[in-house]
Number of protein chains: 2
Amino acid sequence: MNDDLRFLAEYDASRYPRPSVAVDVVLLTVDADARGLWAVLARRDDPPQQERWALPGGFVGIDESLDDAAARVLREKVGLAGVFIEQLYTFGAPNRDPRTRVISVAYYALVEATGLERVVTADERPAGAHLARLHVPWPGETGGPVEAVDGAGLPLPLAFDHAEILGMAVKRIRGKLDYAPIGFELLPDAFSLRDLRLVHEAILGRALNKDSFRRRMLDRGLVVPTGARATGVGHRPPELYRFANRSAT
Amino acid sequence: MNDDLRFLAEYDASRYPRPSVAVDVVLLTVDADARGLWAVLARRDDPPQQERWALPGGFVGIDESLDDAAARVLREKVGLAGVFIEQLYTFGAPNRDPRTRVISVAYYALVEATGLERVVTADERPAGAHLARLHVPWPGETGGPVEAVDGAGLPLPLAFDHAEILGMAVKRIRGKLDYAPIGFELLPDAFSLRDLRLVHEAILGRALNKDSFRRRMLDRGLVVPTGARATGVGHRPPELYRFANRSAT
DNA sequence: GAAATAGTGTCTTTAAGACAGTATGTG
DNA sequence: CACATACTGTCTTAAAGACACTATTTC
């Protein structure tokens, strides 16, 4: 330990020029009616890339962990806290930001659509966060950049390498969907199996077999019935389920 | 564009203190005889963490991409080039390095055992890279830190958060093993199906069903027979296969 | 010939897809 | 009652595990 401390005093961390380090957060939600993926983007007011659409992001504090920085960005720029968030990938091409060298540690977060709608459409919403519909022009887990359109279908040009970051986020959740319980993050506490399937279909971008989806979820014990049923759905009301916290397995 | 350039001139990137950014490389190989995973580690000559064992690493150049930095570290510190390498995860706990704030973008690389043996045991090997056997004390894809022992079974204490980085690397390749062609990276060009299975078993840390493994590899068209057979194996010689580059699918 | 692993064929089990048919709300 | 979706049951198909049996090399 003495050795460690002596060396620490002699260490000159400023010998090398250092990049800036930022976090960018891909906040995703699913609109079960429109059966599509949505992400939160903000229109850039200033150059560079003025009027293009960017992910919420910010610099990492010198004494702040990466996870803390991502949670702070989500809180300050979108007004959300306590949602699922996980590191995605780190983007570090030397010229991805024209101003200076910025390495961005990207995160992805998932939130229930109704919770986000409330936050994003509120008048007091921070930093002009908007919901953009995502169009994923590639199947499966091929990967690639993703396009964004607004509610009216008009394309939203993306800033910097954010189309690539969004593509990586979609690729990641597609891959994790069938072995990690991430579909539940996009639904309220109680949901029907149809809701859950629509979420999966929106993420995967393709239809799923209704029968085997139901069987898979029930056989794996991922969901448990609540005993309640949905009301006012215009047809036979489905049983509502909740996520089974399978820490005992 | 004029707006962009004007803003660029006014931009003051030095307003915030910046962390150092490094890459650390988990270079893994499989010893088919010993049926275990090995990683390249180097003993630290100086404080901090003197005499503990660390992953090969280095700072990212200010005009260097992250991928380039990882390839350079592999070349300069281990003497390897042209092998499979991919970004793993970024570690950024504020005190993971006692000297200063260092954010480390971890990579993992895979190489055939014989190729690595040649490099690492050569007298002119750079920076004292050694092969350490890994002991993974958790099953499946639970995740967690990993222990390292030398060839004689003596434990090698790991520096900084490198046990955690190694754990993340093992978790990642376990997860990717059955949908990405990464087993082939750890074998010579021609190999028997038994060799491939032993590699998979070493990575997963458990035995696999011989028959269904063979069927799975052949049915998927992942391997094609070369027509050659192994010699001098003390029993019926197996057909040798090579990886089928399935870009046509 | 003994030992050891390669390789083939078949049976069983399990999960997924297809689909028929019944159940039960709302309009 | 019509409609829409929930839910149940059964048949088929595909993949994995188990296992018996044959093949072929070295010692």
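Residue numbering restarts at 1 for every chain, and letters A, B, ... go by the order of the sequence lines. Below, all heavy atoms of this structure are taken into account, side chains as well, without hydrogens, waters or symmetry copies.
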Distance-only, no hydrogens or angles: does the [X] side chain make a donor-acceptor pair with backbone N or O of [Y] under 3.5 Å?
| X | Y | answer |
| --- | --- | --- |
| E239(B) | G227(B) | yes |
| Q87(A) | T90(B) | yes |
| R75(A) | L80(A) | no |
| R197(B) | F213(B) | no |
| T29(A) | W38(A) | no |
| R133(A) | G153(A) | no |
| Y89(B) | A106(B) | no |

How about [X] and [Y]: do any of their side-chain heavy atoms sit closer than 4.5 Å?
| X | Y | answer |
| --- | --- | --- |
| L55(B) | L41(B) | yes |
| R214(B) | D211(B) | no |
| I182(A) | L177(A) | yes |

Checklist entry - Considering all heavy atoms of both residues, which atom of W138(B) and which atom of G144(B) are nearest to each other, and what is their separation? => result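 Taking W138(B) first and G144(B) second, the nearest heavy atoms are NE1-O, 3.1 Å.
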
Next on the checklist: Can you measure L240(B) atom CG to dT5(C) atom C1' for me and round it to whole angstrom units?
Outcome noted: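 Going from CG in L240(B) over to C1' in dT5(C) covers 14 Å.
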
Item to check | Separation of dA6(C) P from L218(B) CG (nearest whole Å) | outcome: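 About 13 Å, once rounded to whole Å.
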
Protein-nucleotides 25-27 of chain C N/O pairs under 3.5 Å:
residue : atom : partner : partner atom : Å
dG25(C) : N2   : G234(A) : O            : 3.2
dG25(C) : N3   : R236(A) : N            : 3.4

Item to check | All ring-ring contact (aromatic ring centres under 6.0 Å, His included) counterparts of F191(A), not counting sequence neighbours | outcome: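 Only F184(A) meet the ring-ring contact (aromatic ring centres under 6.0 Å, His included) criterion with F191(A).
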
Item to check | Intermediate values then yes/no, side-chain contact (heavy atoms from CB on, under 4.5 Å), Y241(A) and L222(A) | outcome: CA-CA 10 Å; Y241(A) 294 81; L222(A) 280 175; over 6 Å; no

Checklist entry - Do any of residues 189-202 of chain B sit with a heavy atom less than 4.0 Å from DNA chain D, and if so which? => result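 Output list: empty, so none.
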
Checklist entry - In residues 175-184 of chain A, which residues come under 4.0 Å of DNA chain D by heavy atom? => result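 Heavy-atom contacts with DNA chain D come from no residue of residues 175-184 of chain A; none.
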
For nucleotides 17-21 of chain C, give me every protein contact, N/O to N/O, under 3.5 Å, one pair per line with atom names.
residue : atom : partner : partner atom : Å
dG17(C) : OP2  : S212(A) : OG           : 2.3
dG17(C) : N7   : R215(A) : NH2          : 2.8
dG17(C) : O6   : R215(A) : NH1          : 3.3
dA18(C) : OP2  : N209(A) : ND2          : 3.2
dC19(C) : N4   : D211(A) : OD1          : 3.0
dC19(C) : N4   : D211(A) : OD2          : 2.8

Checklist entry - Taking the inter-plane angle between the rings of F160(A) and H162(A) on a 0 to 90° scale, is it parallel (under 30°), tilted (30 to 60°) or perpendicular (over 60°)? => result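 Tilted, since the angle between the ring planes falls between 30° and 60°.
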
Next on the checklist: Reading DNA chain D in the 5' to 3' direction, which nucleotide is the first one with an atom under 4.0 Å from a heavy atom of chain B, and which is the last?
Outcome noted: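 It runs dA16(D) to dT26(D).
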
Checklist entry - For H130(A) and D150(A), what are the C-alpha separation, side-chain angles and deciding distance, and is it a side-chain contact (heavy atoms from CB on, under 4.5 Å)? => result CA-CA 9 Å; H130(A) 287 280; D150(A) 67 13; over 6 Å; no

